Q: 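Here it is, the structure in full.
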There are 2 protein chains.
Amino acid sequence: MTLKQSYGIGELAREFDVTTRTIRFYEDQGLLTPRRRGQTRIYSPADRVALKLILRGKRLGFSLAESGDLIRLYQPTGDNRQQLGALLEKIDEKRTQLEQQRVDIQIMQQDLDAAEERARQALKELENKESSDV
Amino acid sequence: MTLKQSYGIGELAREFDVTTRTIRFYEDQGLLTPRRRGQTRIYSPADRVALKLILRGKRLGFSLAESGDLIRLYQPTGDNRQQLGALLEKIDEKRTQLEQQRVDIQIMQQDLDAAEERARQALKELENKESSDV
DNA sequence: GGGGAAGTTTACGTTAACGTAAAGTGGCCT
DNA sequence: AGGCCACTTTACGTTAACGTAAACTTCCCC
């Protein structure tokens, strides 16, 4: 069994735990481009991937506009040299940003380690007090 | 020469490239607690560290409330067991979140690699066309 | 003592990213 | 036919995180 060819809005909403309002909003922002059967939206696998990317972006604090950029990095626009140059620049920008975030995460993780250590120490001392409290 | 003992608001604003409005806003939210000399705010090294943490949090998409949590992880509240337990839980939560972000970053970096590769290929093909265009 | 420069308070404005509500459509079931 | 979903459009509401402007004080400089 190969992958599904199309998805309904509710289906995607359930899968990614967002509201249908949110999905329609992303379309409004030009991030998703479902086709229609009558009134009803029908989403392609590419739309699904785009949605995934948007949500991943959100977890990293990206704006929808930024995620839009990322999505467009994937659409082979049959470009000219100008655009390809700009593309490579954008990629480089994002790379720099991600690298900064990686560093930030490392520092925070160390901070958390230290905080946990202090908390555990404090707990230990509480227990000591207690045993001498009997 | 040891570190500075206090900072002015403009000084911090310049160092971290934020406006004084922003710094005052963070105080309003309870994230910074400068003392006063008359009307004027005077920031301690601890305030400066907190500010640093807030901005790092922002780069990772944390809300100010979340960064507030992180700051409080540092303030030894002379806690009871209840609070220490809650503290350890929060630390664990944050750890999980950071771990997810780490994964997200890795995926995005791979995506960028792929996108760059495609862009470079497209450039190559443009050049080929050109040389056969003469 | 007039004027910057840097600080202050108060308050209204703005943007992003949806939430929420109202009112309608289309299909399917019994 | 009635009812219940799941879907639609339209539109106003909301929250976070500041921006921006106005109207002060304080201090320093010449």
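Throughout, a chain's letter reflects where its sequence line sits, starting with A, and its residues are numbered from 1. Computed from a prediction, not measured in an experiment: that's the story for all the values here. These values consider heavy atoms only, across backbone and side chains, with no hydrogens, waters or symmetry-generated copies.
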Q: Report the distance from atom CD of B/Glu11 to atom P of C/dA6, rounded to the nearest whole Å.
A: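 Rounded to whole Å, this separation is 13 Å.
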Q: Do A/Asp113 and A/Gln109 have side-chain atoms, one donor and one acceptor, less than 3.5 Å apart?
A: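 Short answer, no.
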Q: Check the distance between C/dC18's P and A/Glu27's CD and give it to me in whole angstrom.
A: 15 Å
Q: Strictly below 4.0 Å: does B/Thr19 bring a side-chain N or O up to OP1 or OP2 of D/dG19?
A: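 Yes, because at least one side-chain N or O of B/Thr19 sits under 4.0 Å from OP1 or OP2 of D/dG19.
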Q: Establish whether the base of D/dT20 is bridged to the side chain of B/Arg21 by a donor-acceptor pair shorter than 3.5 Å.
A: yes
Q: So what does A/Thr20 touch, heavy atoms closer than 4.0 Å: a base, only the sugar-phosphate, or nothing?
A: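 The residue A/Thr20 makes no contact with any strand.
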Q: Flag the pair B/Glu93 and B/Lys90 as a salt bridge only when some basic side-chain nitrogen lies within less than 4.0 angstrom of an acidic carboxylate oxygen.
A: no
Q: If I compare all heavy atoms of B/Leu73 with all of A/Arg118, which pair ends up nearest, and what's the gap?
A: O-NH2, 3.0 Å
Q: Side chain of B/Phe25 only, please: which of D/dC18, C/dC18, D/dT9 is the nearest?
A: D/dC18
Q: Taking 4.0 Å as the cut-off, does a side-chain nitrogen or oxygen of B/Tyr26 come that near to OP1 or OP2 on D/dA17?
A: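 No, B/Tyr26 has no side-chain N/O under 4.0 Å of OP1/OP2 on D/dA17.
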Q: Does the Lys NZ or Arg CZ of A/Lys94 fall within the cation-pi geometry relative to A/Phe62 - under 6.0 Å from the ring centre and within 45° of the axis?
A: yes
Q: Looking at C/dT8, I'd like to know if its phosphate oxygens (OP1 or OP2) sit under 4.0 Å from a side-chain N or O belonging to B/Thr40.
A: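 No, no such contact exists.
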Q: Take atom CG of B/Asp28 and atom P of C/dA11, then tell me their distance rounded to the nearest Å.
A: 13 Å
Q: Under 4.0 Å from OP1 or OP2 of D/dC7: is there any side-chain N or O of A/Arg41 that close?
A: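 A/Arg41 to D/dC7 OP1/OP2: no side-chain N or O under 4.0 Å.
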Q: So what does B/Arg36 touch, heavy atoms closer than 4.0 Å: a base, only the sugar-phosphate, or nothing?
A: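 The residue B/Arg36 makes sugar-phosphate contact but no base contact.
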Q: In whole angstrom, give the distance that lies between atom CD1 of A/Ile23 and atom C1' of C/dG19.
A: 15 Å
Q: A/Asp17 has an atom CG; how far is it from atom P of C/dC18, in whole Å?
A: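 One finds 13 Å between P of C/dC18 and CG of A/Asp17, rounded.
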Q: Would you mind reading off the distance between B/Tyr43 atom OH and C/dT8 atom C1', rounded to a whole angstrom?
A: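 For the pair B/Tyr43 OH and C/dT8 C1', the rounded distance is 11 Å.
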Q: Run the salt-bridge test on B/Arg102 and B/Glu99 with the 4.0 Å N-O cut-off and return the result as yes or no.
A: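 Salt bridge flag = yes for B/Glu99 with B/Arg102.
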Q: Looking at C/dT8, does its base get a donor-acceptor pair with the side chain of B/Arg24 below 3.5 Å?
A: no
Q: Is the phosphate of D/dA17 approached by B/Lys58 (side-chain N or O, under 4.0 Å from OP1 or OP2)?
A: no
Q: Nearest-Å distance, CG (B/Leu64) to C1' (D/dC18)?
A: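 It works out to 9 Å between those atoms.
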Q: What is the separation between atom CD1 on B/Ile9 and atom C1' on D/dC18, rounded to the nearest whole Å?
A: 14 Å
